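Right, one structure below, let's go through it.
Bear in mind that the values here come from a model prediction, so they are computed numbers and not experimental data. Here is how names work: the chains are called A, B, and so on, in the same order as the sequence lines, proteins then strands, and each is numbered from 1.
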Number of protein chains: 2
Amino acid sequence: MSGRTEVSAAQRAREDEIVARVLASFDSCSDQRLLELMRGVVTHLHSFLRDVRLTEEEWNAAIAFLTAVGHKSDDRRQEFILLSDTLGASMQTIAMNNEAVGDATEATVFGPFFVEGSPKIECGGDIARGAAGEPCWVEGTVRDTDGRPVAGARIEVWEADDDGFYDVQYDDDRTAARGHLFTDDEGRYSFWAITPTPYPIPVDGPVGQLLDATGRSPMRAAHLHFMVRATGYRTLVTHIFVRGDELLASDAVFGVKDSLVRDFEGHPSGTSPPGGRTIDGSWSRTAFDIVLAPAES
Amino acid sequence: MSGRTEVSAAQRAREDEIVARVLASFDSCSDQRLLELMRGVVTHLHSFLRDVRLTEEEWNAAIAFLTAVGHKSDDRRQEFILLSDTLGASMQTIAMNNEAVGDATEATVFGPFFVEGSPKIECGGDIARGAAGEPCWVEGTVRDTDGRPVAGARIEVWEADDDGFYDVQYDDDRTAARGHLFTDDEGRYSFWAITPTPYPIPVDGPVGQLLDATGRSPMRAAHLHFMVRATGYRTLVTHIFVRGDELLASDAVFGVKDSLVRDFEGHPSGTSPPGGRTIDGSWSRTAFDIVLAPAES
């Protein structure tokens, strides 16, 4: 960072005094956690401003940028989540709140495309519902950190189609490549989805402009979203990634963890897929055994 | 700040690694200043998250808050400026970019209520245009830091009415308590306005809710806005405040500076105001001699 050393003692004192006055303004906040958060916001915000010696023109640009992020956000698009994701703030928050417990499966970013009320399928069913893409068989188990099966765990899965879009990004109210199912008595699950492919995060908003201006790629490594919930366990929000995907090292939202990379085994046209399904073309299969951490007491 | 010391070394390493990856993602940014700004944003944002050990629920609340701030903002209301003002970020930016030069008049916050294209008045004219409030005569000079008069300086003035509202806060497109004039050949100016009175910043949005939740007052000390522009000089954005106002020490946006507090001399009903005007009631007068810093080369 530049600038701080060029500042005169008198000027530094004026700037310190502003910080002190703002911090003091929160002194009568009766909610101790909110007080701590606001003191943290004020301290780090002012440190940022002073470290970079923000100009008034840059301040105006920042106000305009944040306003544009807000205006781009609605029920179907959350540009502030995208901003948080691309600044690594989402991944950092997840890392802090999902500390490693035994061999529990690691968490990653939630993303902006989860929708409540997805269709329920049976084990072995298909979540694709016509989404464009190569069929992909996914199977595994849900266990606890002692290796015991978790029966009745609710597994939500969602993903982009081969054109790089989630169903909610289309204007036709479709529901596709999204669904939920439950583990059986032995903690097993399986379903058909589509083989994940890389796609760009939405770039038609201010976050896309920021990535472009800073020379960053908007591409996400190919992935399939999971959210696994079961009573007595910490809810797991995660992805599986595709081994060999060249984007694993440069994911736009910093979501990749080595432990979440899986082999997706390709099967050519004419081979017999699981569950007696008939497929006119190639398909793939992968396995993902999930371990849930206990709920925090 | 809490928490940091409770974090295990392994967890701290995981969190450090996320920050390093996010910082590295900006390495190919060719705009060196933007690179510096983004590194500053990332460094301080992650330090904040980790210092306060932000929870996922709090992260959700923050996303919802920022979205609400964006949705509240439009052509007539800028809730992000209000947020910046109430966190002292506006005042800090102004302090950094308007360092003291000789006896140049100090700057303060711009606020969200300036409007381009205000009515022009002659020296001695009235900016009130029917705004409710006690008439107030304002006069002074504009000089440079060597004491030489600045002729033809453009002075913009704007203020809230006695009900605490700026004209743009009404739905009827009125223009009132707002105008501009120019200094004469000797750098003198004078105009009628209304005596400033305290008012709350707009509290019907998320920033108002934040102030309420943190036990802060939304009241601004009474003030009259000035913006003074002249070729060859640094543009001055400032206020004058009213000596004796009990809100001087607790201004909601941290805008008060001792050097900007002025005596407003009260005159009872029946006394003769300047400029041959007839006033049916009391009036006040104040003087504000302005010193402009030279433009930065």
Side-chain angles (χ1 to χ4, degrees), chain A residues 1-2 8 10-11 14-15 18-19 21-22 25-26 28-31 34-38 40-42 44-56 58-59 63 66-67 69-71 73 78 80-81 84 87-97 99-100 213-216 250 254, chain B residues 1-2 10-11 14-15 18-19 21-22 25-26 28-31 34-42 44-56 58-59 63 66-67 69-71 73 78 80-81 84 87-97 99-100 213-216 250 254:
Chain A
M1 303 303 139
S2 73
S8 71
Q11 176 67 18
R14 271 189 291 274
E15 297 174 10
I18 293 172
V19 179
R21 281 163 64 195
V22 181
S25 76
F26 289 100
S28 43
C29 178
S30 57
D31 177 334
L34 185 56
L35 175 61
E36 182 179 38
L37 291 173
M38 295 314 302
V41 165
V42 169
H44 289 285
L45 175 60
H46 284 256
S47 292
F48 161 70
L49 297 171
R50 297 172 69 185
D51 268 359
V52 302
R53 309 304 297 171
L54 197 77
T55 69
E56 290 173 288
E58 288 162 351
W59 179 89
I63 295 285
L66 291 170
T67 305
V69 172
H71 287 176
S73 299
Q78 231 307 350
F80 272 112
I81 293 184
S84 171
L87 295 178
S90 307
M91 201 61 198
Q92 190 64 271
T93 304
I94 288 157
M96 288 191 298
N97 288 280
E99 287 199 33
T214 55
R216 281 181 51 180
S250 63
F254 313 99
Chain B
M1 304 301 138
S2 74
Q11 175 66 20
R14 271 190 290 273
E15 297 174 10
I18 293 173
V19 180
R21 282 164 63 195
V22 182
S25 76
F26 289 99
S28 43
C29 178
S30 57
D31 177 334
L34 184 56
L35 175 61
E36 181 180 39
L37 291 173
M38 294 315 301
R39 284 178 175 164
V41 165
V42 169
H44 289 285
L45 175 59
H46 283 256
S47 293
F48 161 70
L49 297 171
R50 297 172 71 186
D51 268 358
V52 302
R53 309 303 297 170
L54 197 77
T55 69
E56 290 174 288
E58 288 163 351
W59 179 88
I63 294 287
L66 291 169
T67 305
V69 173
H71 287 177
S73 298
Q78 231 307 349
F80 273 113
I81 292 184
S84 172
L87 294 178
S90 308
M91 201 59 200
Q92 189 65 270
T93 304
I94 289 158
M96 289 190 300
N97 288 280
E99 289 199 33
T214 55
R216 280 182 51 179
S250 64
F254 313 100

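Expressed to the nearest 0.5 Å, how far OG1 of A/Thr67 lies from CZ of B/Phe80 amounts to 5.5 Å. Distance check, rounded to the nearest 0.5 Å: CD of A/Glu15 to OG1 of B/Thr93 gives 9.5 Å. Taking CG from A/Leu45 and CG from B/Leu45, the interatomic distance works out to 11.0 Å, rounded to the nearest 0.5 Å.
Residue A/Ile63 forms a side chain to side chain contact (heavy atoms under 4.5 Å, CB included) with just one option from B/Ser73, B/Ser84, B/Ser90, and that option is B/Ser84.
Using a 4.5 Å cut-off between heavy atoms, B/Val69 does not touch chain A at all. Heavy atoms closer than 4.5 Å to chain A are found in both the backbone and the side chain of B/Leu54. Using a 4.5 Å cut-off between heavy atoms, B/Leu49 contacts chain A through both its backbone and its side chain. Both the backbone and the side chain of B/Met96 come within contact range of chain A, with heavy atoms under 4.5 Å apart. Both the backbone and the side chain of A/Ile81 have a heavy atom closer than 4.5 Å to some heavy atom of chain B. Heavy atoms closer than 4.5 Å to chain B are found in the side chain of A/Arg14, but not in its backbone. Heavy atoms of A/Ala10 lying under 4.5 Å from chain B are absent altogether. A/Ser28 touches chain B through backbone and side chain together, each having a heavy atom under 4.5 Å away.
Nearest approach of A/Ala213 to B/Cys29, heavy atoms of both residues: O-SG, 4.1 Å.
Under the 4.5 Å side-chain criterion, counting only non-hydrogen atoms from C-beta, B/Val19 is not in contact with A/Phe254. For the pair B/Arg39/A/Val52, no side-chain contact is recorded, criterion being any heavy-atom separation below 4.5 Å from C-beta on. Taking the side chain as every heavy atom from C-beta outward, A/Leu66 and B/Leu66 never approach each other to under 4.5 Å.
Between chain A and the options B/Gln78, B/Arg216, B/Gln92, heavy-atom pairs under 4.5 Å are most frequent for B/Gln92. Highest contact tally toward chain A, considering only B/Ser250, B/Gly88, B/Ala100, is held by B/Gly88 [criterion: heavy-atom pairs under 4.5 Å]. Between chain B and the options A/Met91, A/His71, A/Gln11, heavy-atom pairs under 4.5 Å are most frequent for A/Gln11. Interface check for chain A: of the options B/Leu35, B/Leu87, B/Asp31, B/Ile94, the most heavy-atom pairs under 4.5 Å are formed by B/Leu87.
Residues satisfying the salt bridge (Lys or Arg N to Asp or Glu O under 4.0 Å) criterion with A/Glu58, sequence neighbours excluded, are B/Arg33. Applying the side chain to side chain donor-acceptor pair (under 3.5 Å) criterion to A/Glu99, with sequence neighbours excluded, gives no partner residue.
Taking the six-membered ring where tryptophan is involved, the planes of B/His44 and A/Phe48 are perpendicular, since the angle between them exceeds 60° and thus also 30°.
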